[in-house]
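A short worksheet on the structure shown next.
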Amino acid sequence: MFRGGHNIAMKLPKAQFDRTVAFYRDVLGMEVTDHAGQAIAGGVAESASVQFGPVTLWFDRVDNYAHPDLWLELFTDDVDRATAHLAAHGIGVQDELEPLPSGMNAHWISNPVGVPHIVRNPDDD
């Protein structure tokens with residue numbers, strides 16, 4: 001029913017954003033893509049990304065964050081069935097975490113330790 005997606009988002013406080021991006025670019029030698037000027041999800045002030053093996057690792061600057069967060073993506077072919085399955089296991093929808101793109105059939109949830117996951121259809125890119 002579930003499989004890992006192709007995006008991981010590292011939500012970073014403003015004070016840590018530049019140093020973190022520089023670490024991946026300058027220390028690890030990864031090619032960083034700057035997403036300045038592109039539409040960014042609610043609360044994200046600046047964004048960059050690197051290819052991290054088969055996934056894209058996003059660096060999102062969130063100015064009201066005091067510590068970093070890691071956000072994961074889960075794919076499912078049936079979002080409604082997956083949401084019902086999660087609810088049956090005590091995992092509720094938390095769509096207040098961040099606005100979803102208009103028209104996307106997806107929901108935010110969190111694992112038991114609070115790591116946010118987007119549950120979505122892989123065709124909604």
Side-chain angles (χ1 to χ4, degrees):
M1 179 179 294
F2 298 99
R3 59 195 177 281
H6 53 243
N7 291 293
I8 297 173
M10 192 180 297
K11 306 289 186 167
L12 300 163
K14 183 178 183 178
Q16 297 173 344
F17 181 82
D18 289 336
R19 286 191 337 250
T20 302
V21 170
F23 169 77
Y24 286 88
R25 182 189 60 232
D26 302 338
V27 177
L28 299 182
M30 294 181 167
E31 184 176 333
V32 172
T33 302
D34 183 355
H35 296 279
Q38 296 180 7
I40 299 177
V44 176
E46 186 177 357
S47 189
S49 66
V50 297
Q51 279 307 119
F52 199 81
V55 301
T56 301
L57 175 58
W58 293 87
F59 307 107
D60 292 341
R61 192 185 98 207
V62 184
D63 292 349
N64 63 341
Y65 271 36
H67 61 84
D69 258 344
L70 194 63
W71 293 38
L72 303 174
E73 178 178 59
L74 288 171
F75 285 157
T76 183
D77 293 327
D78 188 334
V79 172
D80 295 332
R81 187 171 143 236
T83 302
H85 173 82
L86 291 164
H89 288 84
I91 305 297
V93 168
Q94 295 180 294
D95 289 345
E96 68 278 6
L97 292 177
E98 183 175 281
L100 293 162
S102 179
M104 179 183 273
N105 182 18
H107 293 289
W108 290 107
I109 62 157
S110 292
N111 72 12
V113 296
V115 175
H117 294 62
I118 189 170
V119 177
R120 71 182 197 88
N121 186 296
D123 297 330
D124 280 347
D125 277 337

So how far is it from [X] [atom1] to [Y] [atom2], rounded to the nearest 0.5 Å?
{"X": "Phe75", "Y": "Arg3", "atom1": "CZ", "atom2": "CZ", "result": "7.5 Å"}
{"X": "Arg120", "Y": "Leu74", "atom1": "CZ", "atom2": "CG", "result": "10.5 Å"}
{"X": "Leu12", "Y": "Leu70", "atom1": "CG", "atom2": "CG", "result": "9.5 Å"}
{"X": "His107", "Y": "Asp80", "atom1": "NE2", "atom2": "CG", "result": "6.0 Å"}
{"X": "Lys14", "Y": "Asn64", "atom1": "NZ", "atom2": "CG", "result": "12.0 Å"}
{"X": "Glu98", "Y": "Asp60", "atom1": "CD", "atom2": "CG", "result": "7.0 Å"}

Practice problem: Of all the heavy-atom pairs spanning Gln16 and Pro68, show the shortest one and how long it is. | Solution: OE1-CD, 3.5 Å
Quiz item: Considering all heavy atoms of both residues, which atom of Asp34 and which atom of Ser47 are nearest to each other, and what is their separation?
Solution: OD1-O, 3.6 Å
Would you call [X] and [Y] a side-chain contact if the rule is heavy atoms closer than 4.5 Å?
{"X": "Leu97", "Y": "Ser110", "value": "yes"}
{"X": "Val93", "Y": "Thr83", "value": "yes"}
{"X": "His35", "Y": "Ser49", "value": "yes"}
{"X": "Asp77", "Y": "Pro122", "value": "yes"}
{"X": "Ile91", "Y": "His85", "value": "no"}

Exercise. Identify, with sequence neighbours excluded, every residue that meets side chain to side chain contact (heavy atoms under 4.5 Å, CB included) alongside Pro101.
Key: Met104
Quiz item: Where the side chain of Glu73 meets the backbone of His6, is there a donor-acceptor pair that is under 3.5 Å apart?
Solution: yes
Quiz prompt | Donor-acceptor contact present, side-chain Glu46 to main-chain Arg61, <3.5 Å | solution = no
Quiz item: Are there more than 12 heavy atoms of other residues, nucleotides or ligands under 6.0 Å from atom CD of Glu96?
Solution: yes
Self-check item: Exceeds 12 heavy-atom contacts within 6.0 angstrom, atom CZ of Arg25
Solution: yes
Would you say [X] and [Y] are hydrophobically clustered, going by side-chain heavy atoms of ILVMFWY under 4.5 Å?
{"X": "Leu72", "Y": "Ile109", "value": "no"}
{"X": "Val55", "Y": "Leu28", "value": "yes"}
{"X": "Val32", "Y": "Met10", "value": "yes"}
{"X": "Ile8", "Y": "Phe52", "value": "yes"}
{"X": "Ile118", "Y": "Phe2", "value": "no"}

Practice problem: Can you tell me which residue pairs pass the salt bridge (charged side-chain N to carboxylate O under 4.0 Å, His left out) test with a partner in residues 104-118, sequence neighbours excluded? | Solution: none
Exercise. For His67, check ring pair (Phe, Tyr, Trp, His ring centres under 6.0 Å) against everything at least two apart and list the hits.
Key: none
Quiz item: Listed by chain and number, what are the ring pair (Phe, Tyr, Trp, His ring centres under 6.0 Å) partners of Phe59, not counting sequence neighbours?
Solution: Tyr24
Exercise. Indicate, with yes or no, if the rings of Trp71 and Trp58 have centres closer together than 6.0 Å.
Key: no
Quiz prompt | Side-chain hydrophobic cluster, 4.5 Å single linkage: members besides Val79 | solution = none
Practice problem: With sequence neighbours left out, write down each residue that passes side-chain hydrogen bond (donor to acceptor under 3.5 Å, both in side chains) with Thr33, or none if nothing qualifies. | Solution: none
